[in-house]
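FYI, side chains are in, hydrogens and waters are out, and symmetry mates aren't considered; it's all heavy atoms of this structure. Both ligands and their constituent atoms are indexed starting at 1 by order of listing.
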Amino acid sequence: MSVKALKGFKDIVPGEVETWQYIEKTARDIFHRFDFSEIKVPILEKTKLFVRSIGETTDIVEKEMYTFTDRNGSSLTMRPEGTAPVLRAYIENGLQSKKAVQKLYTIGPMFRHERPQKGRLRQFHQMSVEVLGTDLPRVDAEVVAMAWLIVKELGLTASLEINSLGCKKCRPSFNKALLSFLDQAENLCDDCQRRIKINPLRVLDCKSANCREQYVKAPSILDHICVGCDEHFKSVKEGLGLLGVPYKVNSFMVRGLDYYTRTTFELITGDLGAQSAIGAGGRYDGLVQQLGGPDVPGIGFAMGMERLALLLEQQEQSVPLPAVDIFVAALGETAQKKGFALTHRLRQAGLTVIMDHQDRSLKNQMKQAGRANARYALILGEEELAKGRAVLRNMENREQHDVAVTEDMTGIIMQNVK
Ligand code: ATP
Ligand code: MG
């Protein structure tokens with residue numbers, strides 16, 4: 001029996017990969033326009049990095065991490081998210097002293113042991129960004145607007161929800177109000193009863209219908225945030241207004257990671273069933289210091305590439321395919337030889353060129369050129385070649401012209417094609 005891939009681990013094959021490349025190219029371009037630099041970080045880290053940052057009582061740390069003991073006896077974890085590794089790298093490489101405000105992005109696989117379903121995998125991919133070294137509310141607005149722009153430039157429709165989770169100072173007062181409300185709640189699910197004891201804020205994220213119905217009446221965190229957090233949130237909203245980014249305030253949004261403070265946001269869609277979040281993020285002031293680094297504030301977000309790819313399909317957005325400049329169709333051994341060498345020269349000169357080495361009929365080769373969406377076909381026939389000529393056909397308007405076959409025909413073809 002052949003060996004199959006693991007459950008929740010997927011190949012991305014030609015035909016699909018073009019969508020991924022398009023998503024990545026669009027996002028990279030936007031990241032650079034916003035002056036972000038790429039950072040690449042390892043997939044494997046010490047387990048305590050994630051426990052310390054994401055939080056011991058979160059779903060990710062409690063039940064989703066791929067954690068194992070390596071041959072030296074250390075506990076290692078396949079990264080379930082990108083913020084902790086990027087912050088570790090920021091601290092370890094002293095990036096703070098190189099630039100007061102670091103704007104970083106990274107793209108790559110993440111690992112969570114979840115129940116695989118549409119839009120939910122065990123190895124999935126995120127594009128994530130972090131801004132370290134500033135807590136100006138305009139930066140929050142800019143980061144949210146950047147996430148929004150990615151969705152927009154991909155031609156997708158999603159809605160943006162924002163909230164403020166307050167800070168170390170105001171969270172305790174909200175926790176108190178929430179706990180006294182939860183005291184009155186009835187028949188809460190086992191998970192919520194457990195969360196009440198260890199991390200009450202997390203109950204608001206419960207998916208059970210009975211719990212959710214009751215939480216509609218729960219106190220709003222926005223009524224409990226301190227003056228500083230309130231002003232910050234107002235400025236973020238003002239910033240989003242100035243940038244023309246439409247949003248809705250959702251005071252029940254809590255996010256699944258413990259490190260968030262102040263601004264949090266989610267980009268959501270109704271088109272992917274239960275997997276409604278395509279991207280999410282927020283501010284995490286204090287986290288860098290908590291990981292042993294300088295006391296710098298930070299904000300970031302992560303977008304799921306699987307969900308973006310699914311959404312492109314669902315919302316019927318076209319994905320531009322990579323262009324083929326020329327299909328070299330050679331007929332007969334002499335022409336095949338000539339075409340073989342020419343193809344290589346044209347590729348060296350920067351064109352995308354396809355050639356079939358099997359000397360099939362002209363009809364067959366033209367069909368292949370059509371299927372490949374080639375812009376031009378260069379037809380090298382025995383007879384024409386004997387006269388030192390070849391035919392360059394524009395595949396779109398079918399116009400043809402005669403070109404001289406010379407030692408340096410690359411230049412002539414480049415002139416015609418570019
Ligand atoms: P969900 O509520 O769907 O579990 P999450 O809150 O766990 O999402 P984050 O940790 O904020 O998600 O990750 C950011 C983004 O990464 C999500 O919005 C989603 O697009 C994507 N993502 C998270 N987990 C998965 C997964 N298991 N498979 C595919 N994409 C995922
Ligand atoms: Mg999750």
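With hydrogens and angles ignored, the 3.5 Å screen pairs a side-chain donor or acceptor of D70 with a backbone N or O of S74.
At least one side-chain heavy atom of R112 sits under 4.5 Å from a side-chain heavy atom of F124. Between P116 and L121, every side-chain heavy-atom pair lies at or beyond the 4.5 Å cut-off.
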Please table the atom pairs, donor to acceptor, closer than 3.5 Å between any side-chain atom in residues 221-233 and protein atoms at least two apart or in another chain.
unit_1	atom_1	unit_2	atom_2	d
H224	ND1	S220	O	3.2
D230	OD2	K234	NZ	3.1
H232	NE2	D135	O	3.1

Put together the list of close N/O pairs, under 3.5 Å, between ligand 1 and the protein, could you?
unit_1	atom_1	unit_2	atom_2	d
ligand 1	3 (O)	R120	NH2	2.9
ligand 1	3 (O)	R307	NH1	2.9
ligand 1	3 (O)	R307	NH2	3.2
ligand 1	4 (O)	R120	NH1	2.9
ligand 1	4 (O)	R120	NH2	3.4
ligand 1	6 (O)	R255	NH1	3.4
ligand 1	7 (O)	R112	NH1	3.0
ligand 1	10 (O)	R112	NH1	3.0
ligand 1	10 (O)	R112	NH2	2.8
ligand 1	11 (O)	R255	NH2	2.2
ligand 1	13 (O)	Q126	NE2	3.0
ligand 1	16 (O)	Q126	NE2	3.0
ligand 1	18 (O)	A277	O	3.1
ligand 1	18 (O)	G279	N	3.4
ligand 1	20 (O)	A277	O	3.1
ligand 1	20 (O)	I278	O	3.1
ligand 1	20 (O)	G304	N	3.3
ligand 1	27 (N)	E114	OE2	2.7
ligand 1	27 (N)	L121	O	2.9
ligand 1	28 (N)	L121	N	2.9

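A donor atom on one side chain and an acceptor atom on the other are found under 3.5 Å apart for T263 and D140.
Annotation for R52 and L291: closest pair CB-CD2, 4.2 Å, computed over non-hydrogen atoms.
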